Amino acid sequence: RDLHSFPTRRSSDLICVQLLLIFMQIYIYRQNVMMSNQSELGSGSEPEPGKSNPHFPEPDLNVFFHMAPDLLCVASADGYFKKLNPAWESVLGFSLEELLDRPLIEFIHPDDVAEMMKEFDTRVKGQETKFIINRHRCKNESYKWLEWQVKANSEKSELYAIARDVTARKIAELAQAETEEKYRLLALNTSDVIWTINMEGKITYMSPAVEKLLGYSSEELIQSGIARIFTPATTTIAMTTLAESIKTLQSGEILPTQTLILEHLCKGGATVWAEMTVNPLFNGNHDILGFVGVTRDITEQRHVAEQLRQSEKIFRSLAEYSPNMIMILIKNRIYYANEVCEKKLGYPKEQLYSPEFNIQDLASLEHKELLIEKIVRLKSGTELEPFEFFMQSKEGRKLYTMVSTNNIQIGKENAILGVILDISEQRWAEEILKRKAMQFDNFSKLMVDRELKMVELKKEVNHLLEKMGDKTKYDLYAGSE
């Protein structure tokens, strides 16, 4: 669809601006935090206004609209969709024509319709509400959980909405009781520092790995607070980001994963640079409790990161802060891979960029031929729909991914841009449900077998007592001694 045909409003209204930012998810990163980090990192002067990097041409925004994993739409006041992005087809299975031809209410789970209509009506009246979460019917008659954020345009009687598939998260919440011990062991044994803070900025948990990173014990930092963790300059950045994040959540907006690179203060007075990945922490009612984060030491990578920011600043703003893997291929060689590729695949960038590196090494055995087939079709100019693809890390770990591709131009070279979404967690959650269901069935069978055996034993005892001329001991019909 033509992005420029999407409904717009007066410049005083920020709704369309917010929607465009969400269309370009990998653009999203707080500019003031990034600029502050640039200043602290000494990244050098800004590029001359009006000039762009010849190695990274200005992107076509339609590409990101069509590749956005979230479900974007405009709905009319009568409950019909007016505009949809292609993600609806890949997530729900219905064609866009099917979705546009029928009222929204027909796709909502019957138990969720009343609440959905109530929330939409509240939005139409201009009132703010929290996130809307409901079940949406798929083409195969299954249901997926969608989390909605809605804005109303009262002048046009339209609703602007963004929906996100949170089925995996809901499944994980249902399995939370069974997996708490696994998460605890993960926090205790990982080299990354896992932490949580409440809405007042007080540390509520700090994993033991922090002692290796900063020299402080978990107990020391929980008692002293975050002021001891950061330098004075980065403390200001952290607290400012916290305040803005809380404000965003309280306004009802979706807060994306945030990645901060901050200087940390060690116990002996030295400093280290670390990457912090932060997400909001909710309870079962979707009330915000605080934030959960993972901190990783990147001191050795900092020099390389500074050079990359200076030479590829525009592209990094799109790719390096994306939660997805992003790659660019030129002539069957990896021309660019973001840091998420390094973390998930286990290959350092130097190895990925090497002329000797075989692109097929990223595919699992069963999908090596599929990879070559897709590359050949893309080179021929064929546009591909997002497809499931099994990748393999350097250590041999299989990753379940959803790949979106597009042909782009890098200078005078034809290139392939790939955005790779890791859906392994969703597959893992599905496997947990299967195992739990199997365990329950086995347990039920054991209980039934046990009861049947007890009845047989009681019959035998009664029979022996009767032979001995004694009164029977068990009343089998009453079910008691």
Side-chain angles (χ1 to χ4, degrees), residues 33 37 166 168-169 171-173 175-231 234-235 237-239 241-242 245-246 249 255-267 271-284 286-302 321-324 339-340 342-344 346 393 395 397 399 422 424-426 428-429 432:
V33 174
N37 287 343
V166 295
R169 190 185 79 195
I171 293 173
E173 289 173 357
Q176 182 177 358
E178 291 84 355
T179 58
E180 278 185 359
E181 182 64 15
K182 293 181 181 179
Y183 287 128
R184 186 184 72 83
L185 291 174
L186 175 64
L188 290 175
N189 293 285
T190 182
S191 60
D192 293 340
V193 180
I194 300 173
W195 49 267
T196 60
I197 59 175
N198 61 21
M199 295 293 279
E200 289 71 43
K202 179 177 174 57
I203 299 173
T204 53
Y205 174 78
M206 184 72 68
S207 68
V210 72
E211 190 162 3
K212 182 178 179 181
L213 178 65
L214 302 179
Y216 294 104
S217 68
S218 302
E219 293 74 16
E220 286 179 297
L221 293 178
I222 290 174
Q223 292 177 4
S224 60
I226 65 174
R228 180 174 285 189
I229 298 177
F230 303 114
T231 65
T234 52
T235 297
I237 296 172
M239 296 307 294
T241 304
L242 174 63
S245 299
I246 292 173
L249 289 168
L255 183 68
T257 298
Q258 298 188 86
T259 304
L260 305 177
I261 299 177
L262 300 177
E263 190 175 19
H264 288 61
L265 190 61
C266 298
K267 192 171 187 177
T271 61
V272 295
W273 285 89
E275 179 185 78
M276 300 170 58
T277 303
V278 188
N279 283 288
L281 182 63
F282 299 96
N283 64 15
H286 206 74
D287 298 319
I288 178 68
L289 299 178
F291 298 87
V292 57
V294 178
T295 299
R296 174 168 296 177
D297 184 4
I298 60 165
T299 304
E300 295 182 2
Q301 306 169 19
R302 180 171 173 259
Y321 299 107
S322 170
N324 301 324
E339 290 183 4
V340 180
E342 285 187 292
K343 296 174 184 177
K344 289 187 176 292
S393 70
E395 296 77 20
R397 182 170 60 90
L399 299 176
D422 185 358
S424 301
E425 180 180 347
Q426 178 179 338
W428 171 79
I432 287 180

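The residues of the chain are indexed from 1 along the displayed sequence. Below, each value reflects all heavy atoms present in this structure, side chains not excepted, and no hydrogens, waters or symmetry copies. Bear in mind the structure is a predicted one, so any value in this text is a computation, not a measurement.
- Residues passing the salt bridge (Lys or Arg N to Asp or Glu O under 4.0 Å) test with Glu342, sequence neighbours excluded: none.
- The OG atom of Ser224 sits 4.0 Å away from the CZ atom of Arg228 when rounded to the nearest 0.5 Å.
- Taking each heavy atom of Thr241 and Gln258 in turn, the nearest pair found is CG2-OE1, 3.7 Å.
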message: Val292 vs Val278, test: side chain to side chain contact (heavy atoms under 4.5 Å, CB included). Steps then yes/no.
response: CA-CA 6 Å; Val292 57; Val278 188; over 6 Å; no
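- Under the side-chain contact (heavy atoms from CB on, under 4.5 Å) criterion, Val294 pairs with Asp192, Ile194, not counting sequence neighbours.
- Distance check: Thr204 OG1 to Ile222 CD1 gives 7.5 Å after rounding to the nearest 0.5 Å.
- Note that the CE atom of Met206 and the OG atom of Ser217 stand 10.5 Å from one another [nearest 0.5 Å].
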**Report entry** side chain to side chain contact (heavy atoms under 4.5 Å, CB included) evaluation trace for Leu221 with Ile229
**Finding:** CA-CA 8 Å; Leu221 293 178; Ile229 298 177; 3.9 Å; yes
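- For Val272, the side-chain contact (heavy atoms from CB on, under 4.5 Å) partners at least two apart in sequence or on another chain are Leu213, Leu214, His264, Cys266, Asp297, Thr299.
- Of the listed residues (Thr235, Thr234, Thr271), just one forms a side chain to side chain donor-acceptor pair (under 3.5 Å) with Glu263, and that residue is Thr271.
- Residues Ser207 and Val193 share a closest heavy-atom pair of OG-CA, 3.5 Å.
- Put simply, the side chain of Phe291 does not reach to within 4.5 Å of the side chain of Thr196, judged on heavy atoms.
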### Query
Step by step, would you call Val340 with Ser322 a side chain to side chain contact (heavy atoms under 4.5 Å, CB included)?
CA-CA 8 Å; Val340 180; Ser322 170; 5.8 Å; no
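- For Ala238, the side-chain contact (heavy atoms from CB on, under 4.5 Å) partners two or more places apart in sequence, or in a different chain, are Phe230, Leu262.
- Taking the side chain as every heavy atom from C-beta outward, Ser393 and Lys344 never approach each other to under 4.5 Å.
- With sequence neighbours left out, Ile288 forms a side-chain contact (heavy atoms from CB on, under 4.5 Å) with Met199, Leu249, Pro280, Phe282.
- Every pair passing salt bridge (Lys or Arg N to Asp or Glu O under 4.0 Å) that includes a residue from residues 201-221 is listed here, sequence neighbours excluded: Glu220-Lys267.
- From Ile298, atom CD1 reaches atom CD of Glu275 across 5.5 Å, with rounding to the nearest 0.5 Å.
- In this structure, the side chains of Thr277 and Thr257 come closer than 4.5 Å at one or more pairs of heavy atoms.
- In this structure, Arg296 and Met276 have side chains that are not in contact, with every pair of non-hydrogen atoms separated by 4.5 Å or more.
- Taking all atoms of both residues into account, the shortest heavy-atom contact from Thr231 to Leu265 is N-CB, 4.4 Å.
- Side-chain contact between Trp195 and Thr295 is present, with heavy atoms from C-beta onward closer than 4.5 Å.
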